[in-house]
Amino acid sequence: MAQAAANPLRMFPTSSSRNMVLAAAVGVASLPLLVQSEVWLTVLLFVGATAVGALGLNLLTGFTGQVSLGHAFFLGLGAYTACYLGNPSDGVPAGRGLPLVVWLPAAAIIPALAGLAVGPAALRLKGGYLAIVSLGMVFLGAHVFKEWESVTGGSDGTTVLPSMSLGFIDFARIGSLTRNQSLYFLVWALVGVTALGCRNLVRARPGRAMQAVRDRDVAAEVIGVSLARYKLGAFTISSGLAGLSGALYAVVLTYIEPATWGLALSIQFVAMIIVGGIGTTMGGIVGALFIGGLPEVVKHHSDKIPFVASTAGERGLSLPQLNEILFGLLIVLFLVLEPRGLVALWLRAKAYLSTHPSIAKTPRKL
Amino acid sequence: MTKLAELAFSGTTRGALYALVALGFVIIYKSTGVINFAQGGLVLVGMYLTYNAHVTWGLPFWLAVVVAAALTALTAALVERAVLRRMIGQPAFSILMVTLGLLIVVQQVIPAVWGYDRLNLGDPWGVRKISLGGVNVEVKDLWTLGLTAVVLVSFFAFFRFSRYGLAMRASSFDQEAAMAQGISAGRVACVSWAMAGLVATLAGVMLAAGSGGLEPGRDVIALAAFPAIILGGLDSPLGAVVGSFVIGLSQSLTAGYQPEHAAFLGEGFDAVLPYVVMVLILLVRPQGLFGTRAVVRV
């Protein structure tokens, strides 16, 4: 079978990759109608909401090499922007009651501007210093969220029930579908758009510039890649996507409090891109799926795992403890054994199969 | 005036605790270039092993501390061997995340073994207070300051006058040249992790002593020590100590005076003050007060 040569500059390098993505899109779109379990629908909603943020973080850390543990801050900022603008005016705390077409973009733009403000710090700091300063940002942000009660409701938290209608489609209730099923379309449509946008960004000039900044920033500057422009740009886009993700996350959760946006959430996102694949577009989505779906799968099979108490009162690790331990172990094992993540496993399989003498009829240009 | 003296004293004590944590951290960074997020985990391990040795096994307190310190040092060295050794050559970000992953595991294993309740260390000082010139101070705090001083002097002497200290300094200055002289980089890494474990145990013991108590959430002190380390400069032990005392004092003074003088900053501002101080200093000196400015070669 003759293979068309892979053209890495195109959105989909080969016709088969394009067909696979189309098939996946069809599959994803039809899932809410096939999946009846509310539990799994909720999991998929969370996966979708966090996938947007993971895609953004991958742009910042995977492609531009800026270590940031501060993702949770921008997520929270986006969520509270959405609440403040979108919540009904009789809610506690009172929102502005603005429509979806206002609060959703605002939930992306305001954190993007905040990211632009934080960006200059990245220009001065490297590696470990940047990581810890971004950590500080999360704590400062949590403090601000806790104190600014008129907007965020303080430690009491805030219920998230903004208007979800876009024109004639109400994403909280499409036809006879449940809220989760209707939200699913909005969330995953945004994931699709974001993924395509990121892939587009990466395959073109900005992507190559960002990777140059990651690999050898001094050399990049010498050959004319503006460090300031691309580092600031990466921070802006990543924070904007984080804000969008936070808004979606809040809508799915329906109740948020300042403690939601802590270091643990930041680490979760970093784990997603590590497990999924740093520096790849699919990695963000795959990682979000893995990290999001794991607790549910573990719960399902908890009676088969030794040392675990699957019911209350039994001796052994509780399920949340087990989830956390697995989470930590996953990070360690992936980094030690397969640093390029799950996507790399797929790439390895593809490389093996395409060069195997009995499968490849004609020598394929890799 | 008494309030100021009390705040200054408690700030210095807090700074001493941060210094113990920060020192372990900086030793590892200086020798191996690894940012060890799991330092807080080592503090927890040291704390709980001391409790186990003293309360569960019934050893006398000081012997329990020694045993726990040895075990924690061993654990840290094993972690270095088993996990960090395989990460050589990986980007610094990956290594950072590995230590974070290890911290997460430790944070869950500790309560799985010892539970979530607050435990009493059973130290010889308890909550005894004495009066020093009109200021009430906890006896435990005096011991903390004394212990920190001893540790700092010992480390200084070790690095300055002993062969191993010289080897570690050489290795952190230029690893390849040190290896050419016969200094094993692997052994230096192992020893530095072991020393970090030892210091972490001492920090954990003083943290849990007296009215402190043991809880799985105690590792959060490491997060508070990070600003101190950054402020002082990641690769400078002197900077870590100076930064720790600066942060400890400023935290204490803020906790004492901010609620009445600057209430608009919010409740619990002293918990985030270290990060504010850190960011402000870094804007002016990106390498910290005593850190070395990185020379980047293309």
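Quick note on labels: first sequence line is chain A, next is B, and so on, each numbered from 1.
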Undergrad: Under a 4.5 Å heavy-atom cut-off, does chain B meet the side chain of A/Leu125, its backbone, both or neither?
TA: side chain

Undergrad: State whether the number of non-hydrogen atoms from other residues, nucleotides or ligands found under 6.0 Å of B/Glu176 atom CD is greater than 12.
TA: no

Undergrad: Counting only non-hydrogen atoms closer than 4.5 Å, does B/Ile230 touch chain A with its backbone (N, CA, C, O), its side chain (CB onward), both, or neither?
TA: both

Undergrad: Taking atom CZ of B/Arg81 as the centre, report whether more than 12 heavy atoms of other residues, nucleotides or ligands fall under 6.0 Å from it.
TA: no

Undergrad: In this structure, which one of A/Ile273, A/Ile278, A/Val270 forms a side-chain contact (heavy atoms from CB on, under 4.5 Å) with B/Met97?
TA: A/Val270

Undergrad: Is chain B contacted by the side chain of A/Leu330, its backbone, both, or neither, given a heavy-atom distance below 4.5 Å?
TA: neither

Undergrad: Taking atom CZ as the centre, does A/Arg229 end up with more than 12 heavy-atom neighbours from other residues, nucleotides or ligands that are less than 6.0 angstrom away?
TA: no

Undergrad: So which part of B/Pro111 gets closer than 4.5 Å to some heavy atom of chain A, the side chain, the backbone, both or neither?
TA: both

Undergrad: Heavy atoms only: give me the nearest A/His143-B/Val272 pair and the separation to one decimal.
TA: CB-CG1, 3.7 Å

Undergrad: Measuring from A/Ser68:OG to B/Phe93:CZ, what's the distance to the nearest 0.5 Å?
TA: 9.5 Å

Undergrad: Nearest 0.5 Å please: distance from the CD1 atom of A/Ile331 over to the CG atom of B/Leu100.
TA: 6.0 Å

Undergrad: Would you give the length of the straight line joining atom CZ of A/Phe139 to atom CG of B/Leu273, rounded to the nearest 0.5 angstrom?
TA: 14.0 Å

Undergrad: Atom OH in B/Tyr275, atom CG in A/Leu140: separation rounded to 0.5 Å?
TA: 9.0 Å

Undergrad: To the nearest 0.5 Å, what is the distance between OG1 on B/Thr99 and CG on A/Leu335?
TA: 10.0 Å

Undergrad: Restricting to non-hydrogen atoms, name the atom on B/Leu102 and the atom on A/Val332 that form the minimum distance, rounded to 0.1 Å.
TA: N-CG2, 3.8 Å

Undergrad: Should the heavy atoms of other residues, nucleotides or ligands under 6.0 Å from CZ of A/Phe145 be counted, would the total exceed 12?
TA: yes

Undergrad: Which bit of B/Ala92 comes within less than 4.5 Å of chain A, counting heavy atoms only: side chain, backbone, both or neither?
TA: neither

Undergrad: For a quick test of reading the model, state the closest non-hydrogen atom pair linking A/Ile325 to B/Gln108 and the distance between them.
TA: CG1-CB, 3.3 Å

Undergrad: Please classify the contact between B/Ile95 and chain A as side chain, backbone, both or neither, with a heavy-atom cut-off of under 4.5 Å.
TA: neither

Undergrad: Where on B/Gln90 is there a heavy atom nearer than 4.5 Å to chain A: the side chain, the backbone, both, or neither?
TA: side chain

Undergrad: Under 4.5 Å from any heavy atom of chain B, what part of A/Ala131 do you find: side chain, backbone, both or neither?
TA: side chain

Undergrad: From B/Ile104 CD1 over to A/Ile267 CD1, what is the distance, rounded to the nearest 0.5 angstrom?
TA: 4.5 Å

Undergrad: Given that the side chain runs from C-beta out, which part of B/Leu234 has a heavy atom under 4.5 Å from chain A: side chain, backbone, both or neither?
TA: both

Undergrad: So for B/Phe37, is it side chain, backbone, both, or neither that comes closer than 4.5 Å to the heavy atoms of chain A?
TA: side chain

Undergrad: For B/Val279, which atoms come within 4.5 Å of any heavy atom of chain A: side chain, backbone, both, or neither?
TA: side chain

Undergrad: Counting only non-hydrogen atoms closer than 4.5 Å, does A/Thr61 touch chain B with its backbone (N, CA, C, O), its side chain (CB onward), both, or neither?
TA: side chain

Undergrad: Heavy-atom count around A/Trp148 CH2 within 6.0 Å, excluding the residue itself: above 12?
TA: no

Undergrad: Which of the residues A/Leu326, A/Leu69, A/Val336, A/Leu322 is involved in the greatest number of heavy-atom pairs with chain B at under 4.5 angstrom?
TA: A/Val336

Undergrad: Is it the backbone or the side chain of A/Ile274 that comes under 4.5 Å from a heavy atom of chain B, or both, or neither?
TA: side chain

